[in-house]
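In what follows, a structure is listed as structure tokens, so that the remarks can point back to it.
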Amino acid sequence: MTTFEALGLDARLVRATDELGYVNPTTIQEQAIPVLMSGTKDFIGLAQTGTGKTAAFGLPLLQVVSATANYPQALVVCPTRELCLQIVKEIESFKKYLPGIAVVAVYGGASIGLQIRDIKRGVQIVVATPGRLIDLIERKAIPLDKIQYVVLDEADEMLNMGFQEDIEFILKNTPARESTWLFSATMPPEIRKVSKKYMKEPMEVTVGKVNTANASIDHQYYVSTAQHRYETLKRIIDFNPGIYGIIFTRTKADAQEICDRLTREGYDIDALHGDLSQQQRDKVMGQFRDKSLQLLIATDVAARGIDVVGITHVINYELPDDVEIYTHRSGRTGRAGNQGICVSIVHAKEMYKFKQIERINNSRFHKLDIPSGKDVCRKQFFHFMDKLLSADISHGDYETYVPMLSEKFAEVTKEEVLQRVAALEFDRFLKYYENAEDLNLRERERSKTGSLPALGGKMRSERAEGGRGDSRKEFSRSSSGGYKRLFVNLGTRDGFFKASFLQFILDMSDLKKEVLGKIDMKDMNSWIEIDKSSAQQMIRSLDGKKYKGRSIRMNDADSGAPPKARTKSYQ
Ligand code: AMP
């Protein structure tokens, strides 16, 4: 049995591992550490949690980064906030005797302002979840030009959670990347594809048996309430732009009602249930099979025996009572060597049933956060841009027409064209989601109501109604003195939509959405209604800060002299 010393680790790192009680390296550590310490090798480690993989990449990473260079050199990307914090904690304990190396955790749901400040202070290693990392990249708050090492931890989980584009975006935007180290419990084809595209002759090490149970179906669930089930369903559909799926309901009435609502709202869906004649059934099935229908909503009886290749998602609008039914439903996807996803919308009160299915079905289920409005818009945006970039222009007579437009477009920049195309395509989503509420049950609410199952609908519904409804109520309250109106010299010309602007000011100020009232955005300036008690915090957090290199000015819009608004001449 070898030792950490024999693997060639720095004595200070060996001392730290000794103190942690690590006597011998685990198998993955033994295989990975000597290779990764050479610093330039691409590496794939097929290892599950619990095999010591964090140390397998964390220790060599600490050895290869330079303590004297005060900028991010290594990026560790992982799927969840919990894992992100855990990795940072382990790296912190490994670097106990290495002075001058700093590591920072970057994840959603925490103040982005503080994270930006931490990065600016000078760090060598950034551990991040994909969504927040993309936010920071978009805000140019993290320099990527000198990132040499990118570690993708639990890569399969990240792909399962829909982060494929984000991962590729990160890999594409790290031009100085010399080494990519990918860790994953399974090796689905998507990961193979990513590795082929972005890695050079990676060394591959497998520890133990690679997870094969239900490898072709990923089981996911979202915890919602009866009241928000329909809205959650819509978020799931909107968050998966290329979805080709079947939604299961328990009753014919539900199938028809949801189908009617979704159709009215512009979705490409039809229903399949026992009230249809054979002819109607055949027609619906025919349309679904040839993909002129994107979604099918069905009861179990009606969907019996459906065998359609290429279904990406099965969605359980409600959990079935019977494990066998669950297995039958989920088996509509992940066929013929394809990967599939089975999503369940689970009520807090149904958790016991869900656990039972999980145990009997012997699969690992992944709990996901219900995507926020911002997540949905971003997902749709990237999906559309990918479609735009891969559009086939080889057939049309575009070469003849496009030059004719050059005069029309002479004054418009490429960015503006993209923004306009996006506006045409996304207005529906942005309008719908700009004030979308958070549908997830938060810890805060859980503790207020005691245990999770006790939550039920009431608490949640009170809060939910406090979303849009309350803000209108509060708005009228503003005239009686509850709000202050702030002026800020940022507007739509700065690339903001209302939703992204809201997110920006909340992230910067670390305030909650509830403190805000009406937001009035113009090209160059905006006016924000904010609870009086939070106004100073908002001003302190934004006034004088920079956005895209320009100073932000924020002040009380109604005190003394009228605010000097930015005029159109500003560029
Ligand atoms: P991981 O697979 O990175 O989640 O690690 C699982 C657990 O194993 C963590 O609690 C580590 O602290 C621990 N661990 C990692 N490497 C070793 C080692 N060489 N000897 C003993 N424990 C270890």
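All figures in this text were calculated on a predicted structure; none of them were measured in a lab. When a ligand or atom number is given, it counts from 1 through the structure's own listing order.
- Side-chain contact annotation: Glu168 with Tyr198, donor-acceptor N/O pair under 3.5 Å present.
- Within the listing of ligand 1, atoms 1 (P), 3 (O), 4 (O) sit less than 4.0 angstrom from a heavy atom of Thr54.
- Atom NZ of Lys95 sits about 7.5 Å away from atom CD1 of Ile101, to the nearest 0.5 Å.
- Applying the side-chain hydrogen bond (donor to acceptor under 3.5 Å, both in side chains) rule to pairs touching residues 97-111 yields Glu19-Tyr97, sequence neighbours excluded.
- Using a 4.0 Å cut-off between heavy atoms, Phe57 makes no contact with ligand 1 at all.
- Within ligand 1, the atoms closer than 4.0 Å to a non-hydrogen atom of Asn24 are 18 (C), 19 (N), 20 (N), numbered from 1 in the order shown.
- Contact atoms of ligand 1 toward Gln29: 15 (C), 16 (N), 17 (C), 18 (C), 19 (N) (distance under 4.0 Å to a heavy atom of the residue).
- Geometrically, ligand 1 and Ala55 share no nitrogen or oxygen pair separated by less than 3.5 Å.
- Within the cation-pi definition used here (under 6.0 Å to the ring centroid, within 45° of the axis), Lys146 qualifies as a partner of Tyr71.
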Identify each donor-acceptor pair in which a side-chain atom of residues 59-67 lies under 3.5 Å from a protein atom, sequence neighbours left out, and give them as a table.
unit_1 : atom_1 : unit_2 : atom_2 : d
Gln63  : OE1    : Asp10  : N      : 2.8
Gln63  : NE2    : Gly8   : O      : 3.4
Ser66  : OG     : Thr68  : N      : 3.3
Ser66  : OG     : Thr68  : OG1    : 3.1
Ser66  : OG     : Ala69  : N      : 3.3

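- Contact annotation for Thr17 and ligand 1: no heavy atom of the residue comes within less than 4.0 Å of the ligand.
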